[in-house]
Amino acid sequence: MPDSASAPTKLRVLVPAEKIKDRIAELGKQISADYKGPIIMIGILKGAFIFMSDLARVIDNPTRVDFMGISSYGNAKSTSGEVRLTKDLDMSIEGLDVLVVEDIVDSGVTLTYLIHLLSQRRPRSIRIAAMLDKPDRRMRPIKVNYCGFEIPDEFVVGYGLDYAEEYRNLKDICVLES
Ligand code: IMP
Ligand code: MG
């Protein structure tokens with residue numbers, strides 16, 4: 001396993017910035033058409049912060065934004081199976097149409113936990129938008145309603161995604177090779 005501070009690592013572009021932009025424009029149209037009224041977007045920190053800000057700007061509906069902090073990985077490359085809430089919402093979601101915005105769905109453990117938690121607060125609906133989906137790795141059944149790209153089972157960074165808190169600011173989505 002590479003240690004980003006010491007071992008040599010190589011980045012290979014998997015999804016270039018222009019392709020991300022085009023796909024988000026399509027998702028925005030689809031979401032705007034599907035929802036008739038206001039939406040509350042819930043971004044999952046930290047990975048979703050860039051996707052959230054790009055997606056919010058291509059949605060036409062009246063939109064509120066809030067964030068939740070979830071931590072499941074520590075600094076490893078695969079899920080620990082343990083999910084921790086590090087920041088709760090500021091707003092109530094009761095009776096509202098919730099769009100959960102995630103960077104990537106991998107095992108599905110994080111979203112299973114989150115959806116369960118959010119359902120208890122009686123929103124009118126919950127849907128999921130994820131920039132990336134790694135369906136091969138799924139351990140829990142999670143349906144992504146709005147998916148940017150399905151990708152193979154490779155560890156990716158950039159466009160919000162990190163490895164040990166690095167690379168989040170890359171414009172492209174890249175495979176981290178050691
Ligand atoms: P899950 O609970 O296994 O679905 O993991 C979801 C979370 O793990 C995501 O929100 C990411 O923060 C992180 N994650 C999963 N795969 C990757 C990856 O390839 N690169 C960076 N982070 C990842
Ligand atoms: Mg995440």
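Along the sequence shown, the residues carry numbers beginning at 1. Counting convention: from 1, in listed order, for ligands and their atoms alike.
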Undergrad: Are the side chain of Lys87 and the backbone N or O of Phe67 linked by a donor-acceptor pair below 3.5 Å?
TA: yes
Undergrad: Would you call Glu177 and Arg12 a salt bridge, taking side-chain N to carboxylate O under 4.0 Å as the test?
TA: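 Judged by the 4.0 Å cut-off on N to carboxylate O distance, Glu177 and Arg12 do form a salt bridge.
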Undergrad: Using distance alone, determine whether Leu161 and ligand 1 share an N or O pair under 3.5 Å.
TA: no
Undergrad: With a 4.0 Å cut-off on N to O distance, would you call Lys29 and Asp60 a salt bridge?
TA: no
Undergrad: Which atoms of ligand 1 are found less than 4.0 Å from any heavy atom of Asp162?
TA: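 This gives 21 (C) as the contact atoms.
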Undergrad: Pick one of side chain, backbone, both or neither for how Glu154 approaches ligand 1, counting any non-hydrogen atom pair under 4.0 Å.
TA: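 Under 4.0 Å from ligand 1, Glu154 contributes backbone atoms alone.
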Undergrad: What part of Asp103, side chain from CB on, backbone N/CA/C/O, both or neither, has a heavy atom under 4.0 Å from ligand 1?
TA: side chain
Undergrad: Hey, is Gly108 one of the residues with a heavy atom under 4.0 angstrom from ligand 1?
TA: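 Contact check Gly108 vs ligand 1: positive.
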Undergrad: Counting only heavy atoms, tell me which of Lys134, Arg138, Arg137 gets closest to atom 16 (N) of ligand 1.
TA: Lys134
Undergrad: Need the ligand 1 atom indices (1-based, order shown) with element for anything under 4.0 Å from a heavy-atom of Ser107.
TA: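 Those atoms are 1 (P), 2 (O), 3 (O), 4 (O).
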Undergrad: Hey, is Glu102 touching ligand 1 through its side chain, its backbone, both or neither, going by heavy atoms under 4.0 Å?
TA: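 Glu102 to ligand 1: side-chain contact only, backbone stays beyond 4.0 Å.
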Undergrad: List every atom of ligand 1 that sits less than 4.0 Å from any heavy atom of Thr110, numbering the atoms from 1 in the order shown and giving each element.
TA: 1 (P), 2 (O), 5 (O), 6 (C)
Undergrad: Are Ile104 and ligand 1 in contact, using a heavy-atom cut-off of under 4.0 Å?
TA: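 The answer is yes: ligand 1 sits under 4.0 Å from a heavy atom of Ile104.
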Undergrad: Verify, without hydrogens or angle tests, whether Arg140 (side chain) and Thr112 (backbone) share a donor-acceptor contact under 3.5 angstrom.
TA: no
Undergrad: Would you call Glu26 and Arg23 a salt bridge, using N to O less than 4.0 angstrom?
TA: yes
Undergrad: Counting N and O atoms only, with roles assigned by atom type, does the side chain of Thr63 sit under 3.5 Å from a partner on the main chain of Asn61, one being a donor and the other an acceptor?
TA: yes
Undergrad: Tell me which one of Asn169, Asp54, Ile104 satisfies side chain to side chain contact (heavy atoms under 4.5 Å, CB included) with Tyr159.
TA: Asp54
Undergrad: Could you check whether Arg127 makes a cation-pi contact with Tyr35, meaning its NZ or CZ is under 6.0 Å from the centre of the six-membered ring and within 45° of the ring axis?
TA: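 Verdict for Tyr35: a cation-pi partner in Arg127.
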Undergrad: Return yes or no for this condition: an N or O of Leu111 is under 3.5 Å from an N or O of ligand 1.
TA: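 The answer is no, given that Leu111 and ligand 1 share no N or O pair closer than 3.5 Å.
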